[in-house]
Amino acid sequence: MQRKAYVPGLALLVVLASGCSAASGGDGATTDSKAGETKTAAAPPGKYRTLPEPCRAVSKSVLKDMLPGAASLAEADATKEYAGSADLTYDTDRRVGCRWKDETPDGVRRLTVDFERVVSYDPAISDDDQTKQLYAKKETAANLPAPRSSSPTPSASNSPSPSGSPSSGAPSTMAGPPTGAPASAGTASGTAIASPSPSGGTDKDGLQPRRLSGLGDAAFLNDVSSPSGTGGASAAGQRTVTVVFRTSNVIVTIDYTDQATASAAAPDSKELQEQAQALAGKLVEQFSE
């Protein structure tokens, strides 16, 4: 009886070819034969891998404007003040900061700059998306008021308030947080009273805490004041302006505080806001270089 020829090599090739066809999908995704799950590409990393040297990030010309008392110091003392003091950090590629203190007969000014590079450890979430989430939490914590009108609402002045007194015309939600609510961002202590709008019931000068346009990918400004006496018996008042902006996977925070003495005028909100925003603009330019 004649036997049929058996070709083991050909049979093996057929089995391998059929196995490869079953392991690949039509959309180009690959399947892990052990886990049985389709592998997806990791989210892209952020644009920035390092951070600037914080105490050198602020130019001397900007510091001269924001720390006016240094001009009257001896050259060695002024140089030391302009140099600033770096914050303690364990990873200069993740978070760095610097602070300056300026004392004058009119009071004390403090400036702090903080740089934070955000890294996502979830392969499905990009560094930029993780940064957006963290920035959103900071903005929410700032408790920014809704934009106010440039003039009081006429109809509101004729309607009585719940307490029976005439309404001032400003929306009730703009009066500030309810009793017992946590202090807004930028307040040095829980005893400080936030002043959400330096100009009262309306915002004719545009100085209320608000979102800022044209500054990085997103930005906001907060303005918090403390009444006389909270910073010491000789204090006339304190105001802290905070500017926070995001650019790609980095969040930058600027705190600029003016603590006035009793004999000095109360801190000027407009001046502090303009100087803090000018510094923020300079820092944005550095990230764009």
Side-chain angles (χ1 to χ4, degrees), residues 54-55 58 62-73 81-82 84-85 87 97-114 138-139 141-145 148 174-210 212 219-245 252-280:
C55 294
V58 185
V62 172
L63 289 173
K64 285 183 177 180
D65 291 336
M66 303 185 78
L67 310 174
S72 60
L73 298 176
E81 182 171 311
Y82 291 141
S85 177
D87 292 340
C98 189
R99 59 190 62 243
W100 294 262
K101 182 179 179 181
D102 181 57
E103 296 184 5
T104 69
D106 293 333
V108 179
R109 293 202 182 193
R110 294 179 176 86
L111 171 66
T112 63
V113 178
D114 178 85
K138 290 179 178 291
E139 183 178 299
N143 194 26
L144 303 181
R148 299 184 181 187
M174 295 301 101
T179 303
S184 61
T187 304
S189 66
T191 58
I193 300 176
S195 175
S197 176
S199 55
T202 60
D203 190 40
K204 296 179 180 179
D205 299 325
L207 297 177
Q208 70 172 352
R210 61 198 180 277
L212 302 174
F220 70 85
L221 178 149
N222 202 7
D223 190 327
V224 177
S225 67
S226 301
S228 175
T230 59
S234 62
Q238 174 177 297
R239 183 174 295 280
T240 298
V241 171
T242 301
V243 175
V244 181
F245 70 84
V252 179
T253 302
I254 299 169
D255 283 319
Y256 188 33
T257 300
D258 185 3
Q259 172 71 64
T261 61
S263 60
D268 181 58
S269 183
K270 183 177 181 181
E271 175 193 355
L272 298 179
Q273 289 193 22
E274 288 178 348
Q275 292 182 332
Q277 290 184 78
L279 172 56

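On a predicted model such as this, the values are computed, not experimentally measured, just so you know.
Shown here for P267 and D258, the closest heavy-atom pair between the two residues is CG-O, 3.4 Å. The shortest heavy-atom contact between Y256 and M66 is OH-O, 2.6 Å. Shown here for G84 and C55, the closest heavy-atom pair between the two residues is C-SG, 4.2 Å. Annotation for V244 and K138: closest pair CG1-CD, 4.4 Å, computed over non-hydrogen atoms. Contact detail for Q277 and L212: the closest heavy-atom pair is OE1-CD2, 3.6 Å. In plain terms, the two heavy atoms of A276 and I254 that are nearest each other are O-CD1, 4.0 Å.
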*Output, in order, the C-alpha distance, side-chain angles, deciding distance and verdict of side-chain contact (heavy atoms from CB on, under 4.5 Å) for L111 and L279.*
CA-CA 11 Å; L111 171 66; L279 172 56; 4.0 Å; yes
*Go through D223 and R239 one step at a time and tell me if the salt bridge (Lys or Arg N to Asp or Glu O under 4.0 Å) criterion holds.*
CA-CA 7 Å; D223 190 327; R239 183 174 295 280; 2.5 Å; yes
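The shortest distance between side-chain heavy atoms of V58 and Y82 does not fall below 4.5 Å. Residues R110 and D255 are not in side-chain contact: their nearest non-hydrogen atoms beyond the backbone lie 4.5 Å or more apart.
Every residue meeting the side chain to side chain contact (heavy atoms under 4.5 Å, CB included) condition with T104, not counting sequence neighbours, appears here in chain and number order: D102, D106. Residues forming a side chain to side chain contact (heavy atoms under 4.5 Å, CB included) with D114 (at least two apart in sequence, or on another chain): R95, E116, T253. For the salt bridge (charged side-chain N to carboxylate O under 4.0 Å, His left out) test, no residue two or more places apart in sequence or in another chain qualifies with K270. Every salt bridge (charged side-chain N to carboxylate O under 4.0 Å, His left out) that E139 has, sequence neighbours left out, goes to R211. In this view, D268 satisfies the salt bridge (charged side-chain N to carboxylate O under 4.0 Å, His left out) rule with no residue, not counting sequence neighbours. E271 meets the salt bridge (charged side-chain N to carboxylate O under 4.0 Å, His left out) test with R109; sequence neighbours excluded.
To the nearest 0.5 Å, atoms CG (N222) and CD (Q273) are separated by 9.5 Å.
Not a single donor-acceptor pair under 3.5 Å links the side chain of Q238 to the backbone N or O of A260.
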